[in-house]
Amino acid sequence: DSGVTQTPKHLITATGQRVTLRCSPRSGDLSVYWYQQSLDQGLQFLIQYYNGEERAKGNILERFSAQQFPDLHSELNLSSLELGDSALYFCASSVGEENTIYFGEGSWLTVV
Amino acid sequence: AQSVTQPDIHITVSEGASLELRCNYSYGATPYLFWYVQSPGQGLQLLLKYFSGDTLVQGIKGFEAEFKRSQSSFNLRKPSVHWSDAAEYFCALYFGNEKLTFGTGTRLTIIP
C-alpha cells in the first residue's frame, strides 16, 4: 500500500458524460500528479499540482481539468467523454517536486 | 528531451532462473532513475531508485539494478525469479524540471 488513495476504482460511463476522479495523496506529500495509462499511449503524464498550484502540464486534453484543494486532495475532471478516453488513470504523490513519486492503484474508466 | 527505452516488450523466464530487464535512457546529464512494477490489475509499485552514489542499488522483492553511465543504462536484475514476479516492469526517469518519463514497459512471464 503506497498510501495514495484513489476513488472510484472502477467507473463505466457513456460517451458525452462527465466524471470526476478523486485522489488523496500520502500524508505529508505536497505534490500530486495525474497519469493516464492506455494500451496505445502507454503511461502519459497529464498534470502536476504542488501545494494547490498547478506546476506542470503534460499531454492533458482541453476536455480534462484538475485541481488540488487546500487539504491537498486532488480531483481530475473528464468531460465530453469519448471512447478513446477509456484508460487507467493514476494519481501519484511526492513530498516535494524532486522526490520519489508514489502511485495509487488507479481508477479504471470505461467509456461505452 | 529525456527518453527511456525498454527494448524488450515481453520476456519469458523459467521459475528459479535469473532475470535481467534492460533500460536505456537518453539525457545530457545523469537523471534520477526508477523501476516500477505493475501486477495485473494493480497500481505501480516502486521497486528501487537511483539518485546518486553507489551504482548498484538494492530494491524490494530481491531486485537490484545497476547504473552504468558509459552505457546510459539502468538494468534491473534478480538472481532467481518466483512465479509472483510475473508482471509489467517500467523503467522511468526524471531530472530537474522534467517530469517522470516512463518506458513502454516489459511484460514478464514466468513458466514453471
Side-chain angles (χ1 to χ4, degrees), chain A residues 1-11 21 23-26 29 31-50 53-60 66 87-110, chain B residues 1-10 21 23-25 27 29-53 57-61 63 65 67 74 87-107:
Chain A
D1 183 3
S2 67
V4 179
T5 304
Q6 291 187 245
T7 56
K9 293 194 184 310
H10 299 274
L11 190 58
L21 309 180
C23 170
S24 294
R26 297 186 321 152
D29 284 0
S31 276
V32 169
Y33 310 78
W34 287 97
Y35 280 80
Q36 179 195 58
Q37 185 181 37
S38 60
L39 285 175
D40 55 344
Q41 297 288 328
L43 272 159
Q44 297 285 316
F45 167 71
L46 296 179
I47 198 164
Q48 180 208 355
Y49 280 83
Y50 176 79
E53 294 187 3
E54 182 183 303
R55 269 295 199 259
K57 264 187 173 180
N59 301 321
I60 188 166
L88 181 56
Y89 291 86
F90 283 113
C91 174
S93 72
S94 66
V95 172
E97 294 185 90
E98 289 188 4
N99 298 96
T100 304
I101 298 173
Y102 294 90
F103 284 78
E105 294 193 353
S107 292
W108 281 98
L109 173 65
T110 301
Chain B
Q2 61 189 34
S3 66
V4 183
T5 302
Q6 293 181 250
D8 304 306
I9 296 173
H10 185 203
L21 302 182
C23 173
N24 294 98
Y25 68 89
Y27 197 77
T30 298
Y32 299 148
L33 294 158
F34 306 82
W35 276 98
Y36 287 85
V37 60
Q38 184 178 22
S39 298
Q42 300 296 313
L44 290 161
Q45 183 181 23
L46 178 68
L47 284 177
L48 47 79
K49 61 188 178 185
Y50 173 77
F51 282 5
S52 64
V57 294
Q58 302 297 321
I60 62 171
K61 304 185 178 188
F63 286 93
F67 170 65
F74 188 55
E88 186 102 19
Y89 291 80
F90 293 92
C91 182
L93 72 83
Y94 77 79
F95 185 82
N97 292 326
E98 301 289 339
K99 295 308 154 190
L100 191 63
T101 300
F102 285 87
T104 51
T106 297
R107 184 159 61 94

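Letters A, B, ... mirror the listed sequences (proteins, then strands); counts begin at 1. The analysis underlying the following values was restricted to heavy atoms, covering all of them including side chains, and did not include hydrogens, waters or symmetry mates.
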A:Tyr33 side chain to B:Leu100 main-chain N or O, any donor-acceptor pair under 3.5 Å? no

Considering residues at least two apart in sequence or located in another chain, which fulfil the ring-ring contact (aromatic ring centres under 6.0 Å, His included) criterion with A:Tyr102? none

Euclidean distance, B:Phe90 CZ relative to A:Phe103 CZ, rounded to 0.5 Å: 10.0 Å

With a 4.5 angstrom heavy-atom cut-off, could you sort out which part of B:Leu44 is near chain A: side chain, backbone, both or neither? both

Provide the closest heavy-atom pair for A:Thr100 versus B:Tyr94 in the form atom of the first, atom of the second, distance. N-OH, 4.3 Å

Within a strict 4.5 Å, meaning less than it, do heavy atoms of the A:Ile101 and B:Tyr36 side chains meet? yes

Quiz: residues 37-46 of chain A side-chain donor-acceptor pairs under 3.5 angstrom, not counting sequence neighbours:
| unit_1 | atom_1 | unit_2 | atom_2 | d |
| --- | --- | --- | --- | --- |
| A:Gln37 | OE1 | B:Gln38 | NE2 | 2.9 |
| A:Gln37 | NE2 | B:Gln38 | OE1 | 2.9 |
| A:Ser38 | OG | A:Asp40 | OD1 | 3.0 |
| A:Ser38 | OG | A:Gln41 | N | 3.3 |
| A:Gln44 | OE1 | A:Asn59 | ND2 | 2.4 |
| A:Gln44 | NE2 | A:Gln41 | O | 2.8 |

Atom pair CG/CD of A:Leu88 and B:Gln42 - distance to nearest 0.5 Å: 10.5 Å

